[in-house]
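Accompanying notes for the structure given below.
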Amino acid sequence: MTKLKENKEVIIASFFIILVAYSIKLFSYSYSIDTEIYMVQKLEMLKSWLAIHRFSLVAMKYLTNWIPFYLPLINWLTILLFWISNLFAYFNLSQISPKLKNKKIAIFFVSVISTSPIFLEQFNFTLQSMEIAFFLNLFECSVFFLIKYTRNFKYRYALLTILLLTCCIGCYQSFVSLFITMSMIIDWCLIENQITKEKNRKYIFSTILILLISLSLYFLLGDIILSYFQLSSSGYLQSQIGWRSVTIVTCFLNILKSAVRSYFGFLFHMPSFSVLNAFLLLFAFLLMVKQLKQKQYFKTLLILGVITSPILMSIILGNPEPIRACLSLPFTLAFLLWITYQEKKWYRYLITVLVIIQMLTMLRFEYYDLKRYQNDVAMAQQIYEKVKEYTHDHALVFVGSKDSSMNQKMIKGEVMGYSFFDYDGLSNRAVTFMESLGLHVYGDLNFVPEAEIILKNYPSYPDESSILITEKHILIKLS
């Protein structure tokens, strides 16, 4: 209770920041890609998660089955859990970093994570957002026990870290790179606290062992669960390994692309998300130069390691990782801000402006994604009105794709802003989306190749002649 009172400014400020940053999501109704499948084919989605070893996520879905899948409620629970996890991260690290107890640094630290576009994209997948936010808290519990382990190296704390980390990886594999990032950040704090070289070596060896044991348990549990439910492992994860399918040169170019995208503009059309990244990266390199001059070689390597950790999975896979999976980048940026922080007015003002820019950009993305959803709903209902008399015994088949924005310029992220009628240049999610709205339709994706031939010379929707009713199908040409 005393610690809460001591940090009330950080708690209040962080809540206000996250409330403003996610205000459009919290006070409106919309959903995006994948959520429509969960709403219509819940069991199939859960099986697909088990097939890619996300057993903790499935278990959490069953445990929270009593919570109604009402999107505004899910969004509020997600953001509240996310806010708590950010505070938890701060409290964990402030125990071993005297500098982080500075209230100004603490507020900036939490703000950088709270306004991250990566979490905005991640939580836009409403079907799993609350669970990811919950496991962020569970992950911070594992960090808590890891920090306790560094104080006296009692094995029970290492065991608790292993169990919690295994559960987190079973929810989302990206917790692996986040653990590596946090392990190096903790090591930085230990060195700052003048830990002996012998204890530091023991810490490094222990964290590597903890990660390896956790990964082994994760794969073992995943295989056991697949065997129990008589399911086959999906090739989804293996298909992302570029080293097996493309040339070495292509893999290295993918890694370079991932690094540039992460730090200097993964949203090439919205560079304001990258100004803070680039600024902190510059200051981090200046700090590294300073450490090298002081012959602090290991600390220099640690900073470089933390900077590299967000693209670790891209290095392992030889393919760019989806930006929403790069959970470690916001924590890396928060760390870089904290270790390069200067008690100068210009620095504080600049960081404040950059965080506000991130927040305003978040709100723009949320607004345009809301407009995208509203346009999708309008287009779905418009199409349904034209064909509803046939939908009880005719399968609905879309050919091509069409952005529902109807010539309205949309701001798009990695997934945000993309229409159900035009995702990845396909409309194969359109029927499921219409089902999720409660419209009585069903699809037949297997008929799409034949439908493309039939509608080859037809005009595109919304032309009245773009719809063709056959004996068993309703064919609609979008493009």
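Evaluation of the side chain to side chain donor-acceptor pair (under 3.5 Å) test over residues 62-88, restricted to residues two or more places apart or in two chains, returns Ser14-Trp83, Lys42-Asn65, Thr78-Ser129, Asn86-Ser114. Pairs of residues two or more places apart, or lying in two chains, that qualify as side chain to side chain donor-acceptor pair (under 3.5 Å) and include a residue from residues 17-29 are Lys25-Asn124. For residues 147-166, the set of pairs meeting the side chain to side chain donor-acceptor pair (under 3.5 Å) definition, not counting sequence neighbours, comprises Tyr149-Ser206. Applying the salt bridge (charged side-chain N to carboxylate O under 4.0 Å, His left out) rule to pairs touching residues 193-206 yields nothing, sequence neighbours excluded.
Using a cut-off of 4.0 Å between Lys/Arg side-chain N and Asp/Glu carboxylate O, Asp34 and Arg429 are scored as salt-bridged. A salt bridge links Glu343 with Arg348: the distance from a Lys NZ or Arg NE/NH1/NH2 to an Asp or Glu carboxylate oxygen falls below 4.0 Å.
Note that the OG1 atom of Thr35 and the CZ atom of Phe69 stand 5.5 Å from one another [nearest 0.5 Å]. With rounding to the nearest 0.5 angstrom, the SG atom of Cys168 is 8.0 Å from the CG atom of Leu136.
For Asp422, there are no salt bridge (Lys or Arg N to Asp or Glu O under 4.0 Å) partners two or more places apart in sequence or in a different chain. Shown here are the side-chain contact (heavy atoms from CB on, under 4.5 Å) partners of Leu77, two or more places apart in sequence or in another chain: Ile67, Leu73, Met130. Taking the side-chain contact (heavy atoms from CB on, under 4.5 Å) definition, one finds that Leu292 meets it with Tyr297, Thr300, sequence neighbours left out. Residues forming a side chain to side chain donor-acceptor pair (under 3.5 Å) with Ser97 (at least two apart in sequence, or on another chain): Trp338. With sequence neighbours excluded, the residues satisfying side-chain contact (heavy atoms from CB on, under 4.5 Å) with Leu211 are Leu165, Val176, Phe179, Ile180, Leu215. In this view, Phe134 satisfies the ring pair (Phe, Tyr, Trp, His ring centres under 6.0 Å) rule with no residue, not counting sequence neighbours. Every residue two or more places apart in sequence or in another chain that forms a side-chain contact (heavy atoms from CB on, under 4.5 Å) with Asn428 is listed here: Leu426, Leu445.
Heavy atoms only, all atoms of each residue included: Cys171 and Ser56 are closest at N-CB, 3.5 Å.
Counted by atom type alone, Ser436 and Tyr38 present zero donor-acceptor pairs between their side chains at under 3.5 Å. For the 3.5 Å distance criterion, the side chains of Thr181 and Ser309 qualify, holding a donor opposite an acceptor.
Checked against the 6.0 Å centroid criterion, the rings of Tyr172 and Phe135 do not qualify as a close aromatic pair. Annotation: Tyr373 is in aromatic contact with Tyr31 [ring centroid separation under 6.0 Å]. Annotation: Phe55 is in aromatic contact with Tyr218 [ring centroid separation under 6.0 Å].
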* **Full working for side chain to side chain contact (heavy atoms under 4.5 Å, CB included) between Cys167 and Leu138** => CA-CA 8 Å; Cys167 288; Leu138 207 64; 4.1 Å; yes
Could you pull out every donor-acceptor pair under 3.5 Å between side chains of residues 283-291 and any protein atom, sequence neighbours left out?
none

